[in-house]
Amino acid sequence: MDLKDVDLNLLPVFAAVADEGGCTAAADRLGTSKARVSLAIARLEASLGATLFARTTRRVAPTDAGRALRERCEPLLAGLADAIALARGEESTLSGTLRIACSVENAVQTVGDAAARFAERHPALRVELRTADRVVDLVREGIDVAIRSGWLRGSTLRATRLGGFEQVVVAAPAYLKRAGTPAVPQDLAARPWIALDLLPAPLTWTFEAPRRRPVTVRIHARLRVDSPSALRSMVEAGTAVTVLDGGTAREPLRRGVLVRLLPDWQLPAGGTHAVFPPGRHPSAAARAFVEAYRAALGPQAPEAAAAPRAPARGGAGSRGST
């Protein structure tokens, strides 16, 4: 198909419908009528010979062809807007829609605040924060950038490391009073455990300490969960032991709701990454948000969560079998 067969002026209308999920909302955004928007989409579909949207009574959703076109035309439209602004001697203005994904815990700790401040600085930009305690499909869900903590598995995703975090073994004071305090990593093998299924190996942990050999412990878990927030709530209930990242553990440790165990031993540090969808360049808005979020985080190193530490030895049950 020759490029002259397609009216490129229809692409911004198409992008607005894809972003807004309907012709009415797109018309409001563009300052035109719903009829004009519908006509523009019909003309674009006719010129391409493809159906771009699946229409229901409640929503207009992109088809596979529509999603593919949106992914490829979005950076081109953004680049064109930047080029026009530059030619006019204006500062580049971020516009359109920026979709950010992260876990609920990350949203509460840092991402939500950063996204709100970023939206305030860029009033022409619509920011959507999608939270889920699972790994979302960035392409299928139209995500521009995801903030992920942990260990990235091999994939085609593009990622930028933003910082690191410490992992700590924790338990509630009530549990330690009842069961005693583990003295060495091997003691954990006999303790009730809550496993976070989001981790690549939630039942195997390797501990390191100065002038000691690494110790790998295989845990047995009767409780399993797929949400860091739920994990924190369950361990605070005082039924078992688990590992939390430093950010999640910081506040309950400060308040004494949880106690850090085995403070002389360290677990491998995790990383915080900005992850972009494969197959296309990150949008200007996604790149700008990542830089703003990096600045908001400040210098990031694997952090030691300031917290009450467990006594060196507990009661009768402090040393489990190995």
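- Using modelled atom types, no side-chain atom of Arg294 and backbone atom of Leu162 make a donor-acceptor pair closer than 3.5 Å.
- Follow the hydrophobic side-chain contacts under 4.5 Å out from Leu198 and you reach Leu231 in the same cluster.
- No side-chain donor-acceptor contact under 3.5 Å links Gln167 to the backbone of Val243.
- For the pair Leu138 and Val136, the minimum side-chain heavy-atom distance is below 4.5 Å.
- Between Asp187 atom CG and Thr181 atom OG1 the span is 10.0 Å, to the nearest 0.5 Å.
- Side-chain contact check for His273 versus Thr160: every heavy-atom pair is 4.5 Å or farther apart.
- Checked against Cys102 for a side-chain contact (heavy atoms from CB on, under 4.5 Å), the options Thr110, Val108, Thr272, Thr131 give a single hit: Thr131.
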> Between Leu267 and Val168, does a side-chain contact (heavy atoms from CB on, under 4.5 Å) hold up when you go through it step by step?
Replying inline: CA-CA 7 Å; Leu267 289 168; Val168 292; over 6 Å; no

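- A salt bridge is absent between Arg43 and Glu45; no separation between the charged side-chain nitrogens and carboxylate oxygens falls under 4.0 Å.
- For Asp113 and Arg117, the salt-bridge test passes: some basic side-chain N is under 4.0 Å from an acidic carboxylate O.
- Considering every non-hydrogen atom in both Leu196 and Pro228, the closest pair reads CD1-N, 3.9 Å.
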> So Asp7 and Ser47, side-chain hydrogen bond (donor to acceptor under 3.5 Å, both in side chains) or not? Walk me through it.
Replying inline: CA-CA 8 Å; Asp7 184 354; Ser47 63; over 6 Å; no

>> Show, in sequence, the C-alpha distance, side-chain angles and deciding distance for Arg250 and Glu166, and conclude whether the salt bridge (Lys or Arg N to Asp or Glu O under 4.0 Å) test is met.
In response: CA-CA 11 Å; Arg250 183 185 300 109; Glu166 188 183 29; over 6 Å; no

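- Ring geometry for Tyr293 against Phe289 counts as parallel: the plane angle stays under 30°, on a 0 to 90° scale with 60° as the upper cut.
- Between Ile194 and Thr239 the shortest heavy-atom distance is CD1-OG1, 4.5 Å.
- Between the side chains of Ser149 and Asp245, not a single donor N or O lies within less than 3.5 Å of an accepting N or O.
- If you take OG on Ser227 and CE on Met234, they are separated by 10.0 Å, rounding to the nearest 0.5 Å.
- Atom CZ of Arg121 sits in a crowded spot, with more than 12 heavy atoms from other residues, nucleotides or ligands closer than 6.0 Å.
- Thr63 and Ala54 make their closest contact through CG2-N, 3.7 Å (heavy atoms, listed as atom of the first residue, atom of the second, distance).
- Of all heavy-atom pairs spanning Ala209 and Trp265, the tightest one is CB-CE3, 3.6 Å.
- The hydrophobic clustering, which links ILVMFWY residues whose side-chain heavy atoms are closer than 4.5 Å, places Leu94 and Leu129 together.
- Atom CD of Gln186 and atom CG of Leu262 lie 9.5 Å apart (nearest 0.5 Å).
- Between His122 and Leu98, every side-chain heavy-atom pair lies at or beyond the 4.5 Å cut-off.
- Pro202 is listed as a side-chain neighbour of Arg224, based on a closest heavy-atom distance under 4.5 Å.
- If you chain together hydrophobic residues whose side chains sit under 4.5 Å apart, Val37 and Leu39 never meet in one group.
- One finds the CG atom of Leu258 at 13.5 Å from the OH atom of Tyr175 (value rounded to the nearest 0.5 Å).
- Using a 4.5 Å cut-off on side-chain heavy atoms (C-beta onward), Ile143 and Arg130 make contact.
- Counting only heavy atoms from C-beta outward, the side chains of Trp205 and Val215 never approach each other to under 4.5 Å.
- Without hydrogens or angle criteria, Ser38 side chain to Ala35 main chain gives no donor-acceptor distance under 3.5 Å.
- Counting only N and O atoms by type, the side chains of Thr204 and Arg218 include a donor and acceptor under 3.5 Å apart.
- Linking Ile, Leu, Val, Met, Phe, Trp and Tyr whenever their side-chain heavy atoms come within less than 4.5 Å leaves Val235 and Val104 in two separate clusters.
- Taken together through direct or relayed side-chain contacts under 4.5 Å among Ile, Leu, Val, Met, Phe, Trp and Tyr, Leu8 and Val13 form part of one hydrophobic cluster.
- In terms of heavy atoms, Ser229 sits closest to Glu105 at OG-OE1, 2.9 Å.
- Less than 6.0 angstrom separates the ring centroid of Phe14 from the ring centroid of Phe53.
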> Do Leu11 and Leu44 pass the side-chain contact (heavy atoms from CB on, under 4.5 Å) test, and can you show the C-alpha distance, the side-chain angles, and the key distance before you say yes or no?
Replying inline: CA-CA 8 Å; Leu11 290 179; Leu44 183 59; 4.3 Å; yes

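- Between Arg232 and Glu251, none of the side-chain N atoms (NZ, or NE/NH1/NH2) sits under 4.0 Å from a carboxylate O, so this pair counts as no salt bridge.
- Arg99 and Asp144 are not joined by a salt bridge, as no carboxylate oxygen comes within less than 4.0 angstrom of a charged side-chain nitrogen.
- Atoms CD1 and CD, from Ile147 and Gln109 in turn, are 13.0 Å apart once rounded to the nearest 0.5 Å.
- Between Thr206 and Val217 the shortest side-chain heavy-atom distance does not fall below 4.5 Å.
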> Passes side-chain contact (heavy atoms from CB on, under 4.5 Å), Val127 versus Ile100? Steps please.
Replying inline: CA-CA 8 Å; Val127 177; Ile100 306 164; 3.9 Å; yes

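- The two residues Trp193 and Ala240 come nearest to each other via the heavy atoms N-CB, 4.0 Å.
- When side chains are defined from C-beta on, Leu48 counts as touching Leu52, because their heavy atoms get closer than 4.5 Å.
- Rounded to the nearest 0.5 Å, atoms CZ (Phe165) and CG (Leu297) are 12.5 Å apart.
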